Each structure stands twice: as structure tokens, then as C-alpha cells.
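These notes concern the structure reproduced below.
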2 protein chains.
Amino acid sequence: MDQNSLPPIQTTARDDAVLKALVGFVRAEALQPGERLPTERILAERLKVSRNTVREALTRWEGLGLVERRQGSGTYLKAAVSPDMLHLPLTLAGGNDFTSLMQTLEIRRALEAEAAALCAERASPADIAEIERKLDIMEQAFRTLDGMSSEEDWEFHQAIYRVSGNPLFEQIIAAMHELFHRFWEHPLGVRDFGHASFPYHRTIYECIAARDPQGARGEALKLIATVEDDLKRGAAKLKLSDLR
Amino acid sequence: MDQNSLPPIQTTARDDAVLKALVGFVRAEALQPGERLPTERILAERLKVSRNTVREALTRWEGLGLVERRQGSGTYLKAAVSPDMLHLPLTLAGGNDFTSLMQTLEIRRALEAEAAALCAERASPADIAEIERKLDIMEQAFRTLDGMSSEEDWEFHQAIYRVSGNPLFEQIIAAMHELFHRFWEHPLGVRDFGHASFPYHRTIYECIAARDPQGARGEALKLIATVEDDLKRGAAKLKLSDLR
DNA sequence: TGCAGAAATTGGTTGGACCATTGGACCACT
DNA sequence: AGTGGTCCAATGGTCCAACCAATTTCTGCA
């Protein structure tokens, strides 16, 4: 018998209907990220469902990072809502820390290089000026602190992703960044972590300013390579100390 | 069941605490995907919270695809739960279909090339044999159907990601694949979509078998380029037909 | 006018109730 | 033994009416 000839029938789906109605509402009102949604009580009344059902639907959205609830204040839209949303659950192999960290870097190596190249192709003069500004801030912080500043460094990179014109770069690399730092609790004992990557920030910028995609790609690869080296040095050190 | 594996909740932030308790419970009981969780009523009683609070927590897990609820039956674990999990909500710029499709391809271009290169570096003889098997199946399907078969083609690529040794490749590219096909409802009128990519599957395999990372990277780039070309052709065609 | 405290608003939690679906137990009939 | 039917307890889905906790807004006094 053809299994497909008897698909499961559609059972009740109240909260799904609520979500669909909410999508419609947000689009109809043209709500922008940051704006407040109607209160749960009002939604329940308008949609003719109980407040509990509304809450279940909103809980789903909250779990997907679409919405933020603040007790006593309201529920706020956090991201543009669109039907073209995909929810990507990422899990690492769960091996030791070193393996996980290297895996996030492998992804970053591929994406950073591509983003830098696209950025060099597409950057407008204004974009280039913005990136240079972020670079200056980062270099300033580096000299002041005598070391890499995660914050300013990350902002520089984000500027590049944004100019690449493809929002997926920023989203995916940001996830890698978060994964990386989740395993970075104990810093493997490498004091000057990131030092080696410093000069490549400027070389990447120069390639972008010169509209040199291949050059930018190469410099980005070199940058990631220094981070991988730092990581390997740290892992070797850790292994030694593990042996007492 | 061990009663001690479900200690009562005490602090505020109930539902988060409930989730944490559930993670502990699943690990303590070593629950495997497919197994059933305790009923909501039992969880509520054990954790000393109301059933609604338990439901909010479970709704979050359900939204994250971690768990499946079946009315009248129970709540079942769908995926292995681990603390090294990250959920990444992806949203495309939401522009027209063509832009979105190209953006997923830009990500794939970066990742496919890297995965192919890593695969060529790390493939064992058994891995290479497995990839060749998938390639044969795909080529067989191509000749039979006189065109690309999404199913077999995808399996070939997946084998490469798996051999790369980094599970993130498969997860992220799979997400891109799904995004791509979400916009692929109306096929832009390109009849022989994917035809051009066919020969590169074998060249990629040959580079992998020859342990030639740079070659594999290059062939993977060529493959993606053909898909991008198909897409551009389709977009041009569509634009013409839009003009009547 | 400035600001502390009261009042209203809003999400968070609770407990209880009922409905719809599921799956197993039981039974009559073949 | 097998088939189908009926019943019933278990379970998730929904609803309601409160109350709690955090936040915002208003009010009235200094």
C-alpha cells in the first residue's frame, strides 16, 4: 500500500493559529523591532482565546528570540518577523574543549574569508570610512590595554560582515563566536592570546579599501590562522600541565 | 524512577529553573531520543510548581525541536539534550526571492569549499569508498531521470560534510539547503536546473580520492558557480515574463 | 517645580476545571 | 485465535479566575 495515500489528518492547532494571527498583526501594523505588542490580556480578548493560549504562543516566539517579555512593562518585538525564518539548532560533537574550539574556527575560516572578499567587492566609500573608524577604535584600545580587546575587535569584524551585504554572515559567525566563548571559560593559560592577529586587522582593511577581494580573503585567512596557532599552543600547554 | 533526580524548585525565574531541572533529569535518567518524559502533572508535583509553568518550559523545548508532545500519549524526547547547544535563529533580509537564494548560495560557496578541502585532507580509504558509492548512486539517478535528483545529490554532499570531521558543516549547510528550498516553490522556469553542476560531482570526488585539498576546493567552487548561473538565468527569465 | 509614594498596568504563577485524543483492557461474536 | 466494538483511565490542550512581582504612570504634598 502506498503510505502516502493516507497522510495524517490535521488535528487541532490553536496556538499555531494564534501565531499566524500574530504574524498577520505585526505585518498589518508594520511593527518594527523594539516596538511593543498588545498586552496578553488584550490579545486574548481580541483573538477570542484564553490568555494561557496566547502565552504559549508568545513563549514559542520568545524561545526563538523573536520577542522579549518584560514583566510590568510589556512584550517587545526583538527581530523583524517574517515567514522566511529558519531556526537552526547547533550542537557540537561535545568532545573536549579543544576540538570544539577548532571546529568553530574552521567555520569561521571559511566564512570570514568569504565575507572579507565580498566586503572588498561591495564596500561603498562610506562603508570603508565606517570600517576604518572601527579599526582605529580597535587599535586605540589595543595600545591602551596592551592587548586585544574582545569588544572593539568584534565590532570591527561585525562591520565587515554587515558591509558584505549578506546578513547570514553576521548571524552565523555570531553564533560561532558565542560557541567559541562558551568553551573559553578557562583560557588555557595563553596570556597574549590574540596578539598575533592584531596586524592583520589593518591589512584586511587596506585590501578592502583597495577593492582587492583576493587580498582581503588571504589576510582574513592569515588572521584566523594566528588564532588557531594560539589555540594549539594553549592546548599543548594544557596537555603538559595535565601530566603534572 | 529515582525520586531524587527531581528536586523541588525554589528561586524565582521558575521556568528557566524548570528547564534546568529537566536537563538534569534527562541526564540523570540517561533518557534517549524517543523515550517518554514524565507527564506534566507529575513534573508539576515533583518540582513543586504549577502545571502551567511546566507547560511553558516544555513549550520552549518543543519550539526548539527538542521534544514532541502527543495528546493523549505523552511527551517524548526528540533529540539528545546537552548543555553545548546553541539555537541560532536565521532570518534573511526578506527581499525578493532571488536575493535570498543568492545569499544562501554565498554561504554555501564558502562552506562547501572548505568542507571539500577538509574532506580531502582527512578522508580515510573507507570514507573515500563511501563517497564513491554515493556518487555512483547519484550518477545512476541522473542517467535514469535525465536530470539532477535532489535526493541523491544531497546525500552525496552530506557524505562529504560528514567526512570533514566537523559536524557544524552539515548542520549549517543543511539549514542553507532548507532555506534555499523554501524559496524554490516556483522554479523560476528553469527546466534543466542543476544540469551544469553534474560533472563537478565526479571531479570533486576525484580530488578527494587523490588527497588534493586545493583541487577539491576549486571544484566545489565551480559547482556552486554553476548553480549561481542557473539562478541568474532563471531570474532574468522571470524578469522578462514579469514585464509581460 | 520636584519628587516620593500610591495606583494602575503588565507579565509571571497558581490551582482547578473541563475537553479531545490516545491506548489499553475487556467483551461479544465469528 | 481473531476480529471488531465499547469502555475507561491517562495525557496533553484549553479555559478561567485569581493573585504575585516588576514596571510604569499618576498624584499630591513640600
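Atoms considered below: every heavy atom in the structure, side chains included; atoms not considered: hydrogens, waters and symmetry mates. Letters A, B, ... mirror the listed sequences (proteins, then strands); counts begin at 1. These numbers come from a predicted model, not from an experiment.
Annotation: B/E45, atom CD; neighbour count of heavy atoms from other residues, nucleotides and ligands within 6.0 Å does not exceed 12.
Following rounding to the nearest Å, A/I42 (CD1) and C/dT10 (P) show an atom-to-atom distance of 6 Å. Summarising the geometry, the separation between CZ on B/R55 and P on D/dC15 is reported as 11 Å, rounded to the nearest angstrom. Between the CZ atom of A/R36 and the P atom of D/dA22 there is a distance of 19 Å, rounded to whole Å. The distance between atom CG of B/L43 and atom C1' of C/dG15, rounded to the nearest whole Å, is 17 Å. Atom CD of A/Q71 is separated from atom C1' of C/dT9 by 12 Å (rounded to the nearest Å). Per the geometry, CG belonging to B/L58 stands 13 Å off C1' belonging to D/dG13, to the nearest Å. If you measure from atom CD of A/E45 to atom P of D/dC15, you get 14 Å, rounded to the nearest angstrom. Residue B/R69 contributes atom CZ, which lies 17 Å from atom P of C/dT21 at whole-angstrom precision.
Comparing A/G72 and A/E56, the nucleotide of DNA chain D nearest to each residue sits closer to the 5' end for A/E56. Nearer the 5' end of DNA chain D, as judged by each residue's closest nucleotide, is the contact made by B/L37, out of A/K48 and B/L37.
Donor-acceptor pairing under 3.5 Å, judged by distance alone, is present between the side chain of B/R41 and the base of D/dG12. A donor and an acceptor atom never sit less than 3.5 Å apart when one is taken from the side chain of B/N52 and the other from the base of C/dG12. B/R51 contributes no side-chain N or O that forms a donor-acceptor pair with the base of C/dG15 under 3.5 Å.
Proximity of A/T53 to the phosphate of D/dC15: a side-chain N or O atom is located under 4.0 Å from OP1 or OP2. Considering only side-chain N and O atoms, B/T75 lies under 4.0 angstrom from the phosphate OP1 or OP2 of D/dG12. Checking the phosphate oxygens (OP1, OP2) of C/dT14, a side-chain nitrogen or oxygen of B/S50 falls inside 4.0 Å.
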- Message: Please evaluate residues B/K134 and B/I160 with respect to the criterion side chain to side chain contact (heavy atoms under 4.5 Å, CB included), reporting the C-alpha separation (whole Å), side-chain torsions for both, the decisive distance (0.1 Å), and the verdict.
- Response: CA-CA 10 Å; B/K134 292 282 166 61; B/I160 293 179; over 6 Å; no

- I would like to know whether A/H157 and A/E112 meet side chain to side chain contact (heavy atoms under 4.5 Å, CB included); could you show each step before the answer? CA-CA 9 Å; A/H157 288 284; A/E112 294 269 1; 3.7 Å; yes

- Quick one: do A/F169 and B/E106 satisfy side chain to side chain contact (heavy atoms under 4.5 Å, CB included)? Show the steps, please. CA-CA 9 Å; A/F169 280 106; B/E106 283 173 3; 4.1 Å; yes

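Taking the screw axis at each terminus of the helix from C/dT1-D/dA30 to C/dT30-D/dA1 from five consecutive base pairs, the angle between the two is 0° to within rounding of 10 degrees.
Across all strands shown, A/R70 has heavy atoms under 4.0 Å from sugar-phosphate atoms exclusively, and none from any base.
A donor-acceptor pair shorter than 3.5 Å cannot be found between the side chains of A/H195 and A/D230. Side-chain atoms of A/E132 and A/Y205 include a donor-acceptor pair closer than 3.5 Å. With hydrogens and angles left out, the side-chain atoms of B/T59 and B/R69 include a donor and acceptor closer than 3.5 Å.
The B/T39 side chain lies nearest to D/dG12 when the options are D/dT23, D/dC15, D/dG12.
Using a 30° and 60° split on the angle between ring planes, A/F142 and A/F198 fall in the parallel class, below 30°.
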